[in-house]
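Structure record follows, encoded as C-alpha coordinates.
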Amino acid sequence: MARHQPAVAEYLRELERALRDLQPDRRDEIVTEIEAHIDALLAEHGPLPSEADTRNVLERVGSPHDIAREARDDVETVPGRRRWTNVAAVIALPVPVLGWVVGGALLWLSDVWSTRDKIIGTVAGPGLFVLGGLSFVVASNDGRTVEPAVADPPGAVPDVAEAGGVGSGGGLGPFELLALGLVFLLPLATSIYLSRKLRTQSEREGRSSGPGGIGVVAVSAIAFLVLPLLLVVLEADPTPAAMFLLWGAGLVLLWLSDSWTTREKTLATLIAPGGGTLALLLLQGTDSDVRGLAGVAIFAIAALVPPIYLGRSLLRPHRSPGARDLADAH
Amino acid sequence: MVAGGQDKLLTQMRRGTLEFCVLALLREEERYAFDLVKTLGESDGMVTSEGTIYPLLSRLRRDGLVTTTWEESPSGPPRRYYRLTPKGDKALAGFIDEWRRFRDAVDHFVIERSNDGTASTRGR
(Lines give C-alpha, C1' and ligand atoms only; values in the text may rest on other atoms or scores of the structure.)
Protein backbone atom coordinates (compact mmCIF):
# COMPACT_ATOMS: atom_id res chain seq x y z
CA MET A 1 0.00 0.00 0.00
CA ALA A 2 0.89 3.59 -0.39
CA ARG A 3 3.49 5.04 1.92
CA HIS A 4 2.02 6.37 5.08
CA GLN A 5 2.36 9.40 7.16
CA PRO A 6 4.74 8.94 10.05
CA ALA A 7 1.90 8.65 12.56
CA VAL A 8 0.23 5.86 10.60
CA ALA A 9 3.49 4.04 10.00
CA GLU A 10 4.28 4.27 13.68
CA TYR A 11 0.82 2.99 14.55
CA LEU A 12 1.18 -0.02 12.28
CA ARG A 13 4.59 -0.82 13.71
CA GLU A 14 3.17 -0.65 17.19
CA LEU A 15 0.29 -2.87 16.16
CA GLU A 16 2.64 -5.47 14.79
CA ARG A 17 4.61 -5.40 17.98
CA ALA A 18 1.48 -5.79 20.05
CA LEU A 19 0.43 -8.79 17.98
CA ARG A 20 3.82 -10.44 17.98
CA ASP A 21 2.74 -13.55 19.84
CA LEU A 22 0.05 -14.41 17.31
CA GLN A 23 0.78 -16.85 14.57
CA PRO A 24 2.39 -14.92 11.70
CA ASP A 25 -0.30 -15.49 9.06
CA ARG A 26 -2.97 -14.40 11.45
CA ARG A 27 -1.01 -11.35 12.49
CA ASP A 28 -0.42 -10.40 8.87
CA GLU A 29 -4.09 -10.77 8.09
CA ILE A 30 -5.14 -8.48 10.91
CA VAL A 31 -2.47 -5.88 10.22
CA THR A 32 -3.23 -5.81 6.50
CA GLU A 33 -6.94 -5.44 7.09
CA ILE A 34 -6.49 -2.68 9.62
CA GLU A 35 -4.10 -0.91 7.32
CA ALA A 36 -6.76 -1.02 4.59
CA HIS A 37 -9.29 0.22 7.10
CA ILE A 38 -7.12 3.17 8.05
CA ASP A 39 -6.56 3.97 4.39
CA ALA A 40 -10.29 3.91 3.75
CA LEU A 41 -10.97 6.17 6.71
CA LEU A 42 -8.24 8.58 5.67
CA ALA A 43 -9.58 8.65 2.12
CA GLU A 44 -12.76 10.20 3.49
CA HIS A 45 -10.73 13.26 4.36
CA GLY A 46 -9.58 13.85 0.83
CA PRO A 47 -6.22 13.19 -0.74
CA LEU A 48 -4.24 15.05 1.91
CA PRO A 49 -5.67 14.45 5.37
CA SER A 50 -4.44 16.82 8.03
CA GLU A 51 -2.57 15.70 11.10
CA ALA A 52 -5.65 16.19 13.22
CA ASP A 53 -7.68 14.05 10.81
CA THR A 54 -5.08 11.33 11.02
CA ARG A 55 -5.10 11.46 14.78
CA ASN A 56 -8.86 11.17 14.75
CA VAL A 57 -8.76 8.21 12.42
CA LEU A 58 -6.23 6.36 14.53
CA GLU A 59 -8.30 7.05 17.60
CA ARG A 60 -11.34 5.54 15.94
CA VAL A 61 -9.40 2.46 15.01
CA GLY A 62 -8.39 2.07 18.61
CA SER A 63 -5.19 1.37 20.49
CA PRO A 64 -3.00 -1.50 19.27
CA HIS A 65 -3.13 -2.76 22.81
CA ASP A 66 -6.94 -3.13 22.69
CA ILE A 67 -6.81 -4.84 19.33
CA ALA A 68 -4.15 -7.22 20.57
CA ARG A 69 -6.22 -8.08 23.60
CA GLU A 70 -9.20 -8.81 21.42
CA ALA A 71 -7.04 -11.03 19.25
CA ARG A 72 -5.66 -12.82 22.24
CA ASP A 73 -8.98 -13.52 23.85
CA ASP A 74 -9.70 -16.18 21.32
CA VAL A 75 -6.44 -17.77 22.35
CA GLU A 76 -4.56 -19.14 19.48
CA THR A 77 -1.41 -17.58 20.67
CA VAL A 78 1.15 -19.86 22.15
CA PRO A 79 0.77 -18.62 25.70
CA GLY A 80 1.57 -21.95 27.29
CA ARG A 81 4.99 -22.27 25.81
CA ARG A 82 5.73 -18.62 26.10
CA ARG A 83 4.74 -18.34 29.70
CA TRP A 84 6.43 -21.56 30.57
CA THR A 85 9.76 -20.44 29.21
CA ASN A 86 9.53 -17.17 31.10
CA VAL A 87 8.84 -18.95 34.34
CA ALA A 88 11.63 -21.39 33.57
CA ALA A 89 14.03 -18.52 33.04
CA VAL A 90 13.25 -17.09 36.46
CA ILE A 91 13.61 -20.45 38.14
CA ALA A 92 16.77 -21.44 36.31
CA LEU A 93 18.73 -18.21 36.69
CA PRO A 94 19.81 -18.65 40.30
CA VAL A 95 20.95 -22.25 39.78
CA PRO A 96 24.68 -22.36 39.10
CA VAL A 97 26.27 -23.16 35.78
CA LEU A 98 23.54 -25.04 33.92
CA GLY A 99 20.87 -22.68 35.24
CA TRP A 100 22.84 -19.63 34.19
CA VAL A 101 23.23 -20.89 30.68
CA VAL A 102 19.63 -22.07 30.28
CA GLY A 103 18.10 -19.24 32.29
CA GLY A 104 20.26 -16.63 30.57
CA ALA A 105 19.30 -17.93 27.14
CA LEU A 106 15.60 -17.99 28.02
CA LEU A 107 15.88 -14.55 29.55
CA TRP A 108 17.40 -13.04 26.44
CA LEU A 109 15.11 -14.91 24.06
CA SER A 110 12.03 -13.70 25.90
CA ASP A 111 10.32 -10.52 24.82
CA VAL A 112 8.67 -9.91 28.14
CA TRP A 113 11.59 -8.17 29.78
CA SER A 114 13.24 -5.00 28.64
CA THR A 115 16.91 -4.98 27.73
CA ARG A 116 17.59 -3.22 31.00
CA ASP A 117 15.93 -6.00 32.96
CA LYS A 118 17.83 -8.60 31.00
CA ILE A 119 21.13 -6.96 31.83
CA ILE A 120 20.13 -6.74 35.48
CA GLY A 121 19.15 -10.39 35.42
CA THR A 122 22.43 -11.42 33.86
CA VAL A 123 24.74 -9.32 36.00
CA ALA A 124 22.95 -9.49 39.33
CA GLY A 125 22.15 -13.17 39.00
CA PRO A 126 25.01 -15.21 37.59
CA GLY A 127 27.47 -12.30 37.56
CA LEU A 128 27.33 -11.64 41.27
CA PHE A 129 27.07 -15.32 41.93
CA VAL A 130 30.45 -15.81 40.34
CA LEU A 131 31.83 -12.86 42.27
CA GLY A 132 30.34 -14.12 45.51
CA GLY A 133 31.56 -17.63 44.83
CA LEU A 134 35.08 -16.38 44.28
CA SER A 135 35.13 -14.37 47.47
CA PHE A 136 33.69 -17.33 49.31
CA VAL A 137 36.47 -19.55 48.08
CA VAL A 138 38.99 -16.97 49.24
CA ALA A 139 37.24 -16.65 52.57
CA SER A 140 37.03 -20.34 53.27
CA ASN A 141 40.67 -20.79 52.37
CA ASP A 142 41.49 -18.26 55.04
CA GLY A 143 39.21 -19.92 57.54
CA ARG A 144 40.17 -23.52 56.99
CA THR A 145 41.33 -23.98 60.51
CA VAL A 146 37.91 -23.35 62.01
CA GLU A 147 36.77 -26.52 63.69
CA PRO A 148 33.17 -27.66 63.57
CA ALA A 149 31.42 -26.42 66.68
CA VAL A 150 29.02 -29.33 66.82
CA ALA A 151 30.48 -32.31 68.58
CA ASP A 152 30.68 -35.10 66.08
CA PRO A 153 29.84 -38.58 67.22
CA PRO A 154 32.93 -40.32 68.46
CA GLY A 155 34.71 -42.36 65.86
CA ALA A 156 33.84 -40.04 63.05
CA VAL A 157 36.19 -40.31 60.15
CA PRO A 158 38.01 -36.98 59.88
CA ASP A 159 37.45 -36.18 56.23
CA VAL A 160 33.75 -36.96 56.43
CA ALA A 161 33.50 -34.85 59.54
CA GLU A 162 35.07 -32.05 57.61
CA ALA A 163 32.71 -32.56 54.71
CA GLY A 164 29.64 -32.31 56.88
CA GLY A 165 30.97 -30.31 59.71
CA VAL A 166 30.61 -26.60 59.09
CA GLY A 167 27.07 -27.27 60.22
CA SER A 168 26.67 -24.92 63.11
CA GLY A 169 27.42 -21.81 61.13
CA GLY A 170 29.25 -20.61 64.22
CA GLY A 171 32.52 -20.58 62.37
CA LEU A 172 31.41 -18.06 59.79
CA GLY A 173 33.19 -14.76 59.86
CA PRO A 174 31.61 -11.53 58.64
CA PHE A 175 33.38 -11.82 55.31
CA GLU A 176 32.03 -15.29 54.78
CA LEU A 177 28.55 -14.17 55.73
CA LEU A 178 28.78 -11.34 53.25
CA ALA A 179 29.95 -13.74 50.59
CA LEU A 180 27.13 -16.10 51.43
CA GLY A 181 24.69 -13.26 51.15
CA LEU A 182 26.05 -12.33 47.75
CA VAL A 183 26.08 -15.88 46.55
CA PHE A 184 22.61 -16.86 47.57
CA LEU A 185 20.46 -13.87 48.27
CA LEU A 186 21.24 -11.60 45.34
CA PRO A 187 20.32 -14.12 42.67
CA LEU A 188 17.14 -14.73 44.62
CA ALA A 189 16.44 -11.02 44.80
CA THR A 190 17.05 -10.85 41.07
CA SER A 191 14.57 -13.62 40.48
CA ILE A 192 12.03 -11.83 42.62
CA TYR A 193 12.60 -8.68 40.61
CA LEU A 194 12.28 -10.46 37.27
CA SER A 195 9.20 -12.39 38.26
CA ARG A 196 7.50 -9.24 39.49
CA LYS A 197 8.20 -7.66 36.13
CA LEU A 198 6.90 -10.78 34.46
CA ARG A 199 3.71 -10.54 36.42
CA THR A 200 2.99 -6.88 35.81
CA GLN A 201 3.76 -7.34 32.14
CA SER A 202 1.41 -10.29 31.86
CA GLU A 203 -1.35 -8.36 33.52
CA ARG A 204 -0.82 -5.37 31.31
CA GLU A 205 -1.13 -7.54 28.24
CA GLY A 206 -4.32 -9.02 29.54
CA ARG A 207 -3.11 -12.56 29.79
CA SER A 208 -3.98 -14.58 32.77
CA SER A 209 -1.29 -13.56 35.14
CA GLY A 210 0.07 -17.04 35.53
CA PRO A 211 1.94 -18.21 38.56
CA GLY A 212 2.56 -15.66 41.26
CA GLY A 213 5.99 -14.13 41.46
CA ILE A 214 6.51 -15.30 45.00
CA GLY A 215 5.64 -18.83 43.95
CA VAL A 216 8.23 -18.85 41.23
CA VAL A 217 10.89 -17.60 43.56
CA ALA A 218 9.96 -20.11 46.24
CA VAL A 219 10.45 -22.91 43.77
CA SER A 220 13.78 -21.54 42.70
CA ALA A 221 14.89 -21.15 46.31
CA ILE A 222 13.98 -24.73 47.05
CA ALA A 223 15.57 -25.79 43.79
CA PHE A 224 18.78 -24.49 45.28
CA LEU A 225 18.97 -27.79 47.07
CA VAL A 226 20.43 -29.11 43.88
CA LEU A 227 23.54 -27.11 44.61
CA PRO A 228 24.41 -28.61 48.00
CA LEU A 229 23.58 -31.99 46.54
CA LEU A 230 26.10 -31.37 43.83
CA LEU A 231 28.69 -30.42 46.43
CA VAL A 232 27.99 -33.52 48.48
CA VAL A 233 28.33 -35.72 45.45
CA LEU A 234 31.58 -33.99 44.53
CA GLU A 235 32.66 -34.41 48.14
CA ALA A 236 33.20 -30.73 48.41
CA ASP A 237 32.17 -28.70 51.41
CA PRO A 238 28.36 -28.72 51.45
CA THR A 239 28.11 -25.64 53.66
CA PRO A 240 24.94 -26.59 55.48
CA ALA A 241 24.62 -23.09 56.86
CA ALA A 242 23.97 -21.75 53.40
CA MET A 243 21.59 -24.60 52.76
CA PHE A 244 19.52 -23.83 55.81
CA LEU A 245 19.49 -20.20 54.83
CA LEU A 246 18.01 -21.17 51.50
CA TRP A 247 15.49 -23.56 52.90
CA GLY A 248 14.43 -20.84 55.27
CA ALA A 249 14.01 -18.32 52.50
CA GLY A 250 12.31 -20.81 50.23
CA LEU A 251 9.91 -21.97 52.89
CA VAL A 252 8.94 -18.49 54.00
CA LEU A 253 8.17 -17.62 50.39
CA LEU A 254 6.39 -20.91 49.87
CA TRP A 255 4.03 -20.27 52.75
CA LEU A 256 3.52 -16.65 51.76
CA SER A 257 2.50 -17.58 48.25
CA ASP A 258 -1.08 -18.26 47.29
CA SER A 259 -0.08 -20.43 44.36
CA TRP A 260 -0.33 -23.70 46.27
CA THR A 261 -2.75 -25.47 48.52
CA THR A 262 -1.86 -26.03 52.14
CA ARG A 263 -1.44 -29.71 51.41
CA GLU A 264 1.14 -29.01 48.74
CA LYS A 265 2.96 -26.63 51.02
CA THR A 266 3.08 -29.15 53.83
CA LEU A 267 4.34 -31.91 51.58
CA ALA A 268 7.06 -29.74 50.11
CA THR A 269 8.07 -28.58 53.57
CA LEU A 270 8.39 -32.10 54.84
CA ILE A 271 10.19 -33.48 51.84
CA ALA A 272 12.75 -30.77 51.21
CA PRO A 273 14.21 -29.66 54.51
CA GLY A 274 12.99 -32.74 56.29
CA GLY A 275 14.64 -35.11 53.85
CA GLY A 276 17.68 -32.88 53.58
CA THR A 277 18.20 -32.83 57.32
CA LEU A 278 17.77 -36.57 57.56
CA ALA A 279 20.32 -37.00 54.80
CA LEU A 280 22.74 -34.70 56.59
CA LEU A 281 22.37 -36.66 59.80
CA LEU A 282 23.05 -39.86 57.94
CA LEU A 283 26.07 -38.38 56.24
CA GLN A 284 27.43 -36.76 59.33
CA GLY A 285 30.17 -38.77 60.90
CA THR A 286 29.54 -42.05 59.20
CA ASP A 287 32.12 -44.45 57.92
CA SER A 288 29.52 -46.78 56.50
CA ASP A 289 29.14 -46.85 52.76
CA VAL A 290 25.53 -47.92 53.07
CA ARG A 291 24.65 -45.03 55.32
CA GLY A 292 26.49 -42.62 53.07
CA LEU A 293 24.76 -43.94 50.01
CA ALA A 294 21.37 -43.77 51.68
CA GLY A 295 22.14 -40.21 52.72
CA VAL A 296 22.98 -39.17 49.20
CA ALA A 297 19.88 -40.91 47.86
CA ILE A 298 17.60 -39.20 50.34
CA PHE A 299 19.35 -35.97 49.55
CA ALA A 300 18.66 -36.43 45.87
CA ILE A 301 14.99 -37.02 46.56
CA ALA A 302 14.79 -34.09 48.93
CA ALA A 303 16.51 -31.87 46.41
CA LEU A 304 14.70 -32.86 43.25
CA VAL A 305 11.17 -33.84 44.19
CA PRO A 306 9.83 -30.61 45.74
CA PRO A 307 10.85 -28.27 42.93
CA ILE A 308 9.39 -30.61 40.34
CA TYR A 309 6.26 -31.20 42.37
CA LEU A 310 5.71 -27.54 43.17
CA GLY A 311 6.66 -26.43 39.70
CA ARG A 312 4.12 -28.73 38.13
CA SER A 313 1.24 -27.48 40.16
CA LEU A 314 2.48 -23.94 39.64
CA LEU A 315 2.15 -24.36 35.91
CA ARG A 316 -1.23 -26.02 35.86
CA PRO A 317 -3.66 -23.67 34.20
CA HIS A 318 -5.84 -21.76 36.55
CA ARG A 319 -7.97 -18.97 35.25
CA SER A 320 -8.61 -15.82 37.13
CA PRO A 321 -12.28 -15.90 37.97
CA GLY A 322 -14.73 -13.73 36.12
CA ALA A 323 -12.25 -11.94 33.92
CA ARG A 324 -13.44 -12.89 30.51
CA ASP A 325 -15.59 -15.90 30.95
CA LEU A 326 -18.59 -14.23 29.39
CA ALA A 327 -16.93 -14.65 26.05
CA ASP A 328 -16.86 -18.40 26.20
CA ALA A 329 -20.53 -18.78 25.52
CA HIS A 330 -20.57 -20.71 22.30
CA MET B 1 -12.80 -9.46 41.07
CA VAL B 2 -15.08 -6.47 41.45
CA ALA B 3 -16.59 -5.19 38.24
CA GLY B 4 -14.54 -2.20 37.21
CA GLY B 5 -17.19 0.28 36.25
CA GLN B 6 -19.41 0.87 33.30
CA ASP B 7 -16.69 0.52 30.69
CA LYS B 8 -15.69 -2.91 31.78
CA LEU B 9 -19.27 -4.06 31.98
CA LEU B 10 -19.93 -2.92 28.43
CA THR B 11 -16.76 -4.57 27.21
CA GLN B 12 -17.78 -7.86 28.73
CA MET B 13 -21.30 -7.76 27.39
CA ARG B 14 -20.06 -6.78 23.97
CA ARG B 15 -17.55 -9.56 23.94
CA GLY B 16 -20.14 -12.27 24.07
CA THR B 17 -22.58 -10.70 21.65
CA LEU B 18 -20.69 -8.68 19.07
CA GLU B 19 -19.75 -11.64 16.94
CA PHE B 20 -23.39 -12.59 16.56
CA CYS B 21 -24.28 -9.06 15.56
CA VAL B 22 -21.67 -9.44 12.85
CA LEU B 23 -23.13 -12.75 11.77
CA ALA B 24 -26.60 -11.22 11.75
CA LEU B 25 -25.41 -8.37 9.54
CA LEU B 26 -24.15 -10.96 7.07
CA ARG B 27 -27.40 -12.89 7.03
CA GLU B 28 -28.91 -10.83 4.25
CA GLU B 29 -25.94 -9.99 2.12
CA GLU B 30 -22.20 -10.26 1.94
CA ARG B 31 -20.29 -7.22 3.07
CA TYR B 32 -16.75 -6.04 3.33
CA ALA B 33 -15.18 -5.24 6.66
CA PHE B 34 -15.20 -1.47 6.38
CA ASP B 35 -18.91 -1.53 5.64
CA LEU B 36 -19.56 -3.90 8.54
CA VAL B 37 -17.67 -1.69 10.93
CA LYS B 38 -19.50 1.40 9.79
CA THR B 39 -22.88 -0.22 10.23
CA LEU B 40 -21.98 -1.46 13.68
CA GLY B 41 -20.52 1.91 14.57
CA GLU B 42 -23.78 3.66 13.75
CA SER B 43 -25.46 1.70 16.48
CA ASP B 44 -24.65 3.40 19.75
CA GLY B 45 -22.33 1.50 22.04
CA MET B 46 -21.64 -1.52 19.86
CA VAL B 47 -18.14 -0.72 18.66
CA THR B 48 -15.76 1.67 20.38
CA SER B 49 -12.49 0.78 18.72
CA GLU B 50 -13.09 -0.10 15.10
CA GLY B 51 -9.84 -2.00 14.88
CA THR B 52 -10.98 -4.60 17.38
CA ILE B 53 -13.46 -5.96 14.83
CA TYR B 54 -10.68 -7.44 12.71
CA PRO B 55 -9.41 -10.01 15.17
CA LEU B 56 -13.05 -11.02 15.55
CA LEU B 57 -13.56 -11.39 11.80
CA SER B 58 -10.37 -13.36 11.53
CA ARG B 59 -11.59 -15.74 14.22
CA LEU B 60 -15.02 -16.16 12.62
CA ARG B 61 -13.30 -17.05 9.40
CA ARG B 62 -11.03 -19.59 11.02
CA ASP B 63 -13.95 -21.13 12.85
CA GLY B 64 -15.73 -21.55 9.53
CA LEU B 65 -18.65 -19.30 10.43
CA VAL B 66 -17.89 -16.93 7.57
CA THR B 67 -15.99 -17.22 4.31
CA THR B 68 -14.25 -14.47 2.45
CA THR B 69 -13.73 -13.65 -1.18
CA TRP B 70 -11.65 -10.96 -2.74
CA GLU B 71 -13.51 -8.64 -5.03
CA GLU B 72 -12.46 -5.68 -7.07
CA SER B 73 -13.67 -2.40 -5.69
CA PRO B 74 -14.82 0.47 -7.86
CA SER B 75 -12.22 2.61 -6.14
CA GLY B 76 -8.95 1.57 -4.58
CA PRO B 77 -7.52 -1.89 -3.86
CA PRO B 78 -9.54 -5.15 -3.88
CA ARG B 79 -11.68 -5.81 -0.84
CA ARG B 80 -12.25 -8.87 1.23
CA TYR B 81 -15.95 -9.69 1.35
CA TYR B 82 -17.41 -11.72 4.18
CA ARG B 83 -20.29 -14.13 3.74
CA LEU B 84 -22.14 -16.31 6.21
CA THR B 85 -21.59 -20.07 5.91
CA PRO B 86 -24.27 -22.67 6.76
CA LYS B 87 -22.34 -23.29 9.96
CA GLY B 88 -22.44 -19.60 10.75
CA ASP B 89 -26.13 -19.54 10.04
CA LYS B 90 -26.69 -22.36 12.48
CA ALA B 91 -24.57 -20.71 15.15
CA LEU B 92 -26.55 -17.52 14.72
CA ALA B 93 -29.89 -19.33 15.01
CA GLY B 94 -28.66 -21.05 18.17
CA PHE B 95 -27.56 -17.76 19.64
CA ILE B 96 -30.85 -16.07 18.88
CA ASP B 97 -32.73 -18.73 20.83
CA GLU B 98 -30.33 -18.51 23.75
CA TRP B 99 -30.30 -14.78 23.65
CA ARG B 100 -34.09 -14.48 23.87
CA ARG B 101 -34.18 -16.78 26.83
CA PHE B 102 -31.29 -15.00 28.50
CA ARG B 103 -32.67 -11.54 27.82
CA ASP B 104 -36.06 -12.47 29.23
CA ALA B 105 -34.47 -13.97 32.31
CA VAL B 106 -32.42 -10.83 32.94
CA ASP B 107 -35.38 -8.59 32.26
CA HIS B 108 -37.41 -10.58 34.69
CA PHE B 109 -35.05 -9.56 37.46
CA VAL B 110 -33.90 -6.08 36.57
CA ILE B 111 -37.04 -4.49 35.20
CA GLU B 112 -39.58 -3.14 37.63
CA ARG B 113 -43.23 -3.57 36.80
CA SER B 114 -45.53 -0.67 37.46
CA ASN B 115 -49.07 -1.27 38.64
CA ASP B 116 -50.64 -1.29 35.21
CA GLY B 117 -48.32 -4.06 34.16
CA THR B 118 -46.04 -2.14 31.81
CA ALA B 119 -42.31 -2.53 32.20
CA SER B 120 -40.00 0.31 33.08
CA THR B 121 -36.28 0.27 33.68
CA ARG B 122 -35.04 1.07 37.12
CA GLY B 123 -33.35 4.34 37.87
CA ARG B 124 -34.24 6.25 34.77
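The shown structure was predicted, so the numbers you read here are calculated from the model rather than taken from an experiment. So that the names make sense, note that chain A is the first sequence line, chain B the second, and so on, each numbered from 1.
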### Query
If you draw a 6.0 Å radius around CZ in Arg103(B), do more than 12 non-hydrogen atoms from other residues or ligands fall strictly inside?
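Enclosed.
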
### Message
Which one wins on heavy-atom pair count under 4.5 Å against chain A: Gly94(B), Ser49(B), Ala91(B)?
### Response
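Result: the option with the highest number of such pairs is Ser49(B).
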
### Task
May I ask you to name which of Arg80(B), Glu50(B), Arg79(B) has the most heavy-atom pairs under 4.5 Å with chain A?
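Of the options given, most contacts go to Glu50(B).
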
### Query
Is there side-chain contact between Leu9(B) and Met13(B), with at least one heavy-atom pair below 4.5 Å?
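They are in side-chain contact.
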
#### Entry: Side chain proximity check, Thr67(B) to Arg61(B), heavy atoms < 4.5 angstrom
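Thr67(B) does not reach Arg61(B) side chain to side chain.
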
### Task
Could you tell me which portion of Ile38(A) (side chain, backbone, both or neither) has an atom closer than 4.5 angstrom to a non-hydrogen atom of chain B?
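Ile38(A) has no heavy atom closer than 4.5 Å to chain B.
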
#### Entry: Plane angle bin for Tyr32(B) and Tyr81(B) - parallel if under 30°, tilted between 30 and 60°, otherwise perpendicular
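Aromatic pair Tyr81(B)/Tyr32(B) classed tilted.
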
